[in-house]
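One structure is given here, and the rest of the page talks about it.
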Amino acid sequence: MRTQVVIIGGGPSGLLLSQLLHVRGIDSIVLERKTRDYVLSRIRAGVLERGLLELMRKAGAAARLEREGLPHDGALLSYGDEMFRIDFKRLTGTSVIVYGQTEVTRDLYDAREAAGGRTEFNVDDVEIHDTNRDRPYVTYRVGSEPRRIDCDFVAGCDGFHGVSRKTIPDGVRKEYERVYPFGWLGVLSETPPVNHELIYATSSRGFALCSMRNPMLSRYYVQCPATDRVEAWSDSAFWDELRRRIPADQAEKLVTGPSIEKSIAPLRSFVCEPMRWGRLFLCGDAAHIVPPTGAKGLNTAASDVHYLYNALRQYYEERDSSGIERYSERALARVWKVERFSWWFSSLMHHFPEQTEFDHKIQTAELEFLRSNEDSQRAMATNYVGLPY
Ligand code: RFL
Ligand code: PHB
């Protein structure tokens with residue numbers, strides 16, 4: 001088999017890239033380790049930047065997002081019983097959109113099917129070959145049958161645990177990492193959200209987040225020890241803990257119900273440099289991870305896709321390789337700014353096990369500064385709604 005671009009990973013970054021390329025007549029094949037249903041069962045991001053909406057429009061997959069996505073003009077921050085609002089719209093002129101990653105992925109799979117795009121599911125043993133030569137190829141297995149695809153380029157969109165990043169030789173690849181000493185326990189429930197805007201809450205017991213997917217589907221998180229097992233958290237223990245971490249007037253309004261999904265996610269900051277190795281490009285979680293506090297993972301995957309799509313388009317349509325040459329540098333310049341914001345917001349809002357009373361006082365002082373200082377709020381809002389591409 002032959003194609004122009006082999007895309008490894010059928011998550012949001014791989015699918016978005018394949019659809020954008022398709023619109024420009026550039027052929028690709030997506031290789032996904034799992035099934036479509038498995039990919040769609042993973043509950044992850046919920047907040048989209050405008051840049052991602054634009055890319056979904058370009059990919060011809062934005063109709064439902066435009067209909068059902070909830071524009072959010074601001075978000076609430078609380079510490080103890082104190083709560084204040086950051087007005088994204090007034091401070092930056094833009095807002096974010098609440099729409100689940102599951103739905104983004106579903107829309108992209110539907111668009112890809114409608115376009116007759118090729119996706120291979122249940123692939124194993126994917127190996128990338130000769131990306132430093134003119135004619136790279138990818139080998140893999142479906143069941144017991146070995147297969148090979150020859151191509152011009154390989155896009156590694158296979159997430160943090162994929163094979164693409166490890167294809168870059170150890171002597172070339174440099175990884176930067178911080179692992180946080182806690183995780184997020186998340187619950188999805190068919191209950192009305194406690195507030196019409198997101199609440200990022202901190203308290204002496206730790207962080208909590210009140211989010212949503214739609215007016216009858218809520219998503220809540222509480223910070224928990226990294227070593228906790230999800231089976232040890234009953235629904236009632238979760239709701240009790242959440243109530244203790246949000247302002248009393250919100251806790252009183254909270255409507256609880258059975259969880260329809262419950263999981264623990266570890267928190268880490270991670271960047272791999274470079275993001276290109278010859279004709280192999282890394283995109284999204286394959287190259288970088290942020291703690292979810294700033295809602296930036298999926299959005300940063302989308303900005304990588306933007307740079308890579310434009311680079312490939314320039315190459316095929318104008319025979320200009322400059323976008324390809326500069327892909328890693330351009331993507332990383334934005335990635336590191338997003339890493340900084342996500343690290344800052346996480347450090348501000350979480351309780352760290354080794355934290356002293358001094359550290360706690362500094363966190364409170366920073367929250368009070370943010371509450372009272374418009375320049376500080378604008379800096380926060382500018383990052384939250386998404387830095388320009
Ligand atoms: P994905 O989604 O991990 O998809 C990678 C795909 O590659 C497949 N794969 C392979 N396929 C073939 N061969 C192999 N060897 C393969 N290895 C892996 C996998 O099966 C998978 O289908 O990466 P992608 O596309 O880069 O997308 C990244 C996003 O999923 C991620 O950054 C976000 O979910 C992060 N995130 C959030 N991001 C936001 O922008 N806003 C949010 O509000 C937000 N909230 C979150 C989040 C992540 C969370 N968790 C669970 C870590 C909340 C949470 C709790
Ligand atoms: C979510 O709704 O899952 C969500 C929202 C905001 C975040 C992280 C996760 O910062």
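The figures that follow rest on heavy atoms only: side chains count, while hydrogens, waters and symmetry mates do not. Counting starts at 1 for both ligands and their atoms, following the listed order.
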- Query: For the residue pair F121 and Y38, is the inter-centroid distance of their aromatic rings smaller than 6.0 Å?
  - Reply: no
As a test of reading the model: which N/O atoms of the protein lie under 3.5 Å from N/O atoms of ligand 1, and at what distance?
{"residue": "ligand 1", "atom": "2 (O)", "partner": "R44", "partner atom": "NH1", "Å": "3.0"}
{"residue": "ligand 1", "atom": "3 (O)", "partner": "R44", "partner atom": "NH1", "Å": "3.2"}
{"residue": "ligand 1", "atom": "11 (N)", "partner": "R33", "partner atom": "N", "Å": "3.1"}
{"residue": "ligand 1", "atom": "20 (O)", "partner": "E32", "partner atom": "OE2", "Å": "2.6"}
{"residue": "ligand 1", "atom": "22 (O)", "partner": "E32", "partner atom": "OE1", "Å": "2.7"}
{"residue": "ligand 1", "atom": "22 (O)", "partner": "E32", "partner atom": "OE2", "Å": "3.3"}
{"residue": "ligand 1", "atom": "22 (O)", "partner": "R42", "partner atom": "NH2", "Å": "2.7"}
{"residue": "ligand 1", "atom": "25 (O)", "partner": "P12", "partner atom": "N", "Å": "3.3"}
{"residue": "ligand 1", "atom": "25 (O)", "partner": "S13", "partner atom": "N", "Å": "2.9"}
{"residue": "ligand 1", "atom": "25 (O)", "partner": "S13", "partner atom": "OG", "Å": "2.6"}
{"residue": "ligand 1", "atom": "26 (O)", "partner": "S13", "partner atom": "OG", "Å": "2.7"}
{"residue": "ligand 1", "atom": "26 (O)", "partner": "D285", "partner atom": "N", "Å": "3.0"}
{"residue": "ligand 1", "atom": "30 (O)", "partner": "R44", "partner atom": "NH1", "Å": "2.9"}
{"residue": "ligand 1", "atom": "30 (O)", "partner": "Q101", "partner atom": "NE2", "Å": "2.7"}
{"residue": "ligand 1", "atom": "32 (O)", "partner": "D285", "partner atom": "OD1", "Å": "2.7"}
{"residue": "ligand 1", "atom": "32 (O)", "partner": "D285", "partner atom": "OD2", "Å": "3.3"}
{"residue": "ligand 1", "atom": "32 (O)", "partner": "G297", "partner atom": "O", "Å": "3.4"}
{"residue": "ligand 1", "atom": "32 (O)", "partner": "L298", "partner atom": "N", "Å": "3.2"}
{"residue": "ligand 1", "atom": "34 (O)", "partner": "Q101", "partner atom": "OE1", "Å": "2.6"}
{"residue": "ligand 1", "atom": "38 (N)", "partner": "G297", "partner atom": "N", "Å": "3.1"}
{"residue": "ligand 1", "atom": "38 (N)", "partner": "L298", "partner atom": "N", "Å": "2.9"}
{"residue": "ligand 1", "atom": "40 (O)", "partner": "A295", "partner atom": "O", "Å": "3.1"}
{"residue": "ligand 1", "atom": "40 (O)", "partner": "G297", "partner atom": "N", "Å": "3.2"}
{"residue": "ligand 1", "atom": "40 (O)", "partner": "L298", "partner atom": "N", "Å": "2.7"}
{"residue": "ligand 1", "atom": "40 (O)", "partner": "N299", "partner atom": "N", "Å": "3.0"}
{"residue": "ligand 1", "atom": "40 (O)", "partner": "N299", "partner atom": "ND2", "Å": "3.2"}
{"residue": "ligand 1", "atom": "41 (N)", "partner": "A295", "partner atom": "O", "Å": "3.1"}
{"residue": "ligand 1", "atom": "43 (O)", "partner": "G46", "partner atom": "N", "Å": "3.1"}

- Note on the structure: Distance filter under 4.0 Å, heavy atoms only, around ligand 2 gives R44, G46, V47, W184, L198, Y200, L209, S211, R213, R219, Y221, P292, T293, A295
- So, R313 side chain and L21 main chain: donor-acceptor pair closer than 3.5 Å or not? no
- Task: Kindly confirm or rule out a cation-pi arrangement of R319 over Y315, judged by NZ or CZ under 6.0 Å from the six-membered ring centre and within 45° of its axis?
- Result: yes
- Message: Suppose we call two aromatic rings close when their centres sit under 6.0 Å apart. Are Y307 and Y327 close by that rule?
- Response: no
- F160-F270 aromatic ring centre distance below 6.0 Å: yes
- Message: Could you tell me if R64 sits above the aromatic ring of Y99, with its cationic atom closer than 6.0 Å to the ring centre and no more than 45 degrees from the axis?
- Response: no
- Keeping the roles fixed (side chain from S95, backbone from D73), state whether a donor-acceptor pair exists under 3.5 Å. no
- Query: Looking at Y176 versus W336, is the centre-to-centre ring distance below 6.0 Å?
  - Reply: yes
- The residue among W343, F207, F345 that forms ring pair (Phe, Tyr, Trp, His ring centres under 6.0 Å) with H350 is F207
